[in-house]
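In what follows, a single structure is set out as structure tokens and then discussed.
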Protein chains: 2
Amino acid sequence: MYRQVKTTPRKRPRQTRSKETVESILGATARILVKHGFDGLTTNAVADQAGVSIGSLYQYFPNKQALVAALIERRLDDKNARTHAALAEVASAPFPVAVRTMIRLTIENYAAAPELSRVLIEQVPRVGRMARIAELHQGTLKLVAAVLQARKQELAVRDPDMAAFVLVASIEAIAQRAALFQPQRLSDPALIEETCTMVTRYLGVSDG
Amino acid sequence: MYRQVKTTPRKRPRQTRSKETVESILGATARILVKHGFDGLTTNAVADQAGVSIGSLYQYFPNKQALVAALIERRLDDKNARTHAALAEVASAPFPVAVRTMIRLTIENYAAAPELSRVLIEQVPRVGRMARIAELHQGTLKLVAAVLQARKQELAVRDPDMAAFVLVASIEAIAQRAALFQPQRLSDPALIEETCTMVTRYLGVSDG
DNA sequence: TGGCAATGTGAGTAATCGCTCGCATTCTAG
DNA sequence: CTAGAATGCGAGCGATTACTCACATTGCCA
């Protein structure tokens, strides 16, 4: 689709002040991206918002795309860490508890910054990271499938891989759509309840 | 987020040749948008691809955004017509049949042009139509909720509105993710089977 | 056939914006 | 304290692209 651009940093910040500069730049990038999209994300606007000079910006980021790539990387790392921690936490919990926890955490994750999530995903065809996303996503599916496989005796599941795919897609979509389009549902306990109901009934476990 | 741009046509094609011109322009727009994204969608590139002059393009479209807006409109109209036809078709069918039909049609819809679907949705913050999308989406939710409400006696559903939200989000996400990320699943009968299983178990009806 | 409406053309303009580079300032270690 | 590394600055350049406008061609109807 797109020719890939280099997003490797030119220089890495060593001093405190330069680390703060980079943080300011990335913070400004996120704010502008959410508010104005990629079109409104001019490097001069970022530098202005961050309170640094345009030359400083280019010290640490080789081009505009690299700004966005850095945000994407951070977000993927964060999400990956959270997912693994959550899965580790519920690995041996009873299914109803595990299901509820995963759903709750997924909703919380999207509720935190729905617009930023959305707009960053949209930049992927432009700045890269599709392979990383696919890899992390596959990783999550494998973990979920492994959990389903290990406890297949207690579940009404035919194919753990397919079940993992269907469930992950559904839970993520419910969380994302609520966050983006129906934020009032985020504070309605029924959102988690109904999502749990759907999952537990599908798995054939009673809704603890 | 964005300042809205005018996307009203400057002139409407009357003769066959001008209608063909407009079709060529929109066809080229779709192809370039899918292949290169909005960045690569220059009006000169569209005119080249369509085999028309840049001046002709501006005869019918006041600006670049209007090209994309026209594609979005078409897609929304198409999807809306399909959804309503499908819902009318299954309104009185037994639930297992109705569920299977809706899932199959949703998957087929996304399977037809997954990349174009994705990239058009992403242009909405840029060219408008969010209100229209929300309206159509609400319409679909209301229709589904009405069906669930009308047959609540036979379903294990607590709140038809919430159930409609959860189901529509899930089915659409499964279809979209399969189409975009795991196209091999599109030809696997288990995809429809498992999705049907999830829905019918959630609704508390037997999986005809 | 002729006149007017419909349609098509594309060179060129003005604005925007990504990015550079020469210079200035601050920090750190010997 | 000094020298060199680290960091910051911003005017300005060159490339790109959305769009115009004066002119040309085709279609249709009386």
Side-chain angles (χ1 to χ4, degrees), chain A residues 2-29 32-33 35-70 123 126-128, chain B residues 2-29 32-33 35-70 123 126-128:
Chain A
Y2 292 85
R3 197 174 41 229
Q4 289 305 297
V5 291
K6 275 177 161 308
T7 53
T8 316
R10 279 177 161 168
K11 183 196 299 195
R12 293 183 188 280
R14 297 183 181 190
Q15 295 170 11
T16 301
R17 60 175 179 158
S18 58
K19 285 177 182 169
E20 288 171 354
T21 296
V22 168
E23 289 305 306
S24 294
I25 289 168
L26 289 177
T29 300
I32 293 171
L33 200 50
K35 191 165 184 188
H36 301 293
F38 193 76
D39 295 344
L41 186 78
T42 69
T43 52
N44 280 291
V46 172
D48 274 356
Q49 255 253 12
V52 306
S53 74
I54 188 67
S56 287
L57 183 149
Y58 281 99
Q59 294 250 32
Y60 303 103
F61 301 94
N63 50 52
K64 182 178 171 181
Q65 286 86 339
L67 292 171
V68 179
Q123 309 314 313
R126 180 180 274 128
V127 310
Chain B
Y2 292 86
R3 194 169 46 228
Q4 288 306 296
V5 292
K6 275 177 161 303
T7 53
T8 316
R10 280 179 159 163
K11 181 196 295 194
R12 291 180 190 282
R14 298 182 180 188
Q15 292 171 11
T16 299
R17 61 175 177 159
S18 59
K19 284 175 180 167
E20 286 171 358
T21 297
V22 168
E23 290 304 306
S24 295
I25 289 168
L26 290 178
T29 300
I32 294 171
L33 199 48
K35 192 166 180 186
H36 302 294
F38 193 77
D39 296 343
L41 185 78
T42 68
T43 51
N44 280 292
V46 171
D48 275 356
Q49 256 252 11
V52 306
S53 74
I54 188 66
S56 285
L57 184 149
Y58 281 99
Q59 294 250 32
Y60 304 102
F61 300 93
N63 49 54
K64 181 176 167 181
Q65 286 88 337
L67 293 171
V68 179
Q123 308 315 313
R126 180 179 274 126
V127 311

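So you know, we letter chains A, B, ... as the sequences are listed, proteins then strands, and number each from 1.
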Rounded to the nearest Å, what distance is computed from the [atom1] atom of residue [X] to the [atom2] atom of nucleotide [N]?
X       : N      : atom1 : atom2 : result
A:Gln59 : C:dC19 : CD    : P     : 15 Å
B:Tyr58 : C:dG12 : OH    : C1'   : 14 Å
A:Ile54 : C:dC21 : CD1   : C1'   : 13 Å
A:Lys64 : C:dT20 : NZ    : P     : 15 Å
A:Tyr60 : C:dC19 : OH    : P     : 18 Å
A:Leu67 : C:dC17 : CG    : P     : 15 Å
A:Leu57 : C:dC17 : CG    : P     : 15 Å
B:Lys19 : C:dA6  : NZ    : P     : 13 Å

Option from B:Glu20, B:Lys19, B:Arg14 for which side-chain contact (heavy atoms from CB on, under 4.5 Å) with B:Thr16 holds: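 Result for side-chain contact (heavy atoms from CB on, under 4.5 Å) with B:Thr16: B:Glu20.
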Check A:Val127, A:Leu26, A:Asn63 against A:Val68 for a side-chain contact (heavy atoms from CB on, under 4.5 Å) and give me the one that passes.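 That would be A:Val127.
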The criterion is side chain to side chain contact (heavy atoms under 4.5 Å, CB included); which residues satisfy it with A:Ala28, sequence neighbours excluded?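 Checked A:Ala28 against side chain to side chain contact (heavy atoms under 4.5 Å, CB included); matches are A:Arg31, A:Val46, A:Gln49, A:Ala50.
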Any idea which heavy atoms bring B:Ile32 and B:Gly40 closest together, and the distance?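 Answer, listing the atom of B:Ile32 first, then B:Gly40: CG2-O, 3.4 Å.
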Quick one: how far along DNA chain D does chain B reach, first to last nucleotide 5' to 3', anything under 4.0 Å to a heavy atom?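 First-to-last contact on DNA chain D, by the 4.0 Å heavy-atom rule, is D:dT17 to D:dG27.
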Taking any heavy-atom pair under 4.0 Å as a contact, classify B:Ser56: base, sugar-phosphate, or nothing.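 Since a base atom lies under 4.0 Å of B:Ser56, the category is base.
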Supply the atom-to-atom distance A:Phe61 CZ to A:Thr29 OG1, rounded to the nearest 0.5 angstrom.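 Here the interatomic distance stands at 6.5 Å.
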Distance in Å, B:Asp39 CG paired with A:Asp39 CG, rounded so as to fall on 0.5 Å steps: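 Between B:Asp39 CG and A:Asp39 CG, I get 7.5 Å after rounding to 0.5 Å.
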First encountered from the 5' end of DNA chain C, between B:Arg17 and B:Asn44: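 Comparing both residues, the 5'-ward one is B:Arg17.
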Which residue lies toward the 5' end of DNA chain C, B:Arg14 or B:Gly55, if each is placed at its nearest nucleotide?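 Closer to the 5' end of DNA chain C: B:Arg14.
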State which of C:dG18, C:dC27, C:dG8 makes the closest approach to the side chain of B:Ser18.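 When the side chain of B:Ser18 is considered, C:dG8 is the closest of C:dG18, C:dC27, C:dG8.
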Does the A:Lys64 side chain pair with the main chain of A:Leu41, one donor and one acceptor, at a distance under 3.5 Å?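 It does hold such a pair.
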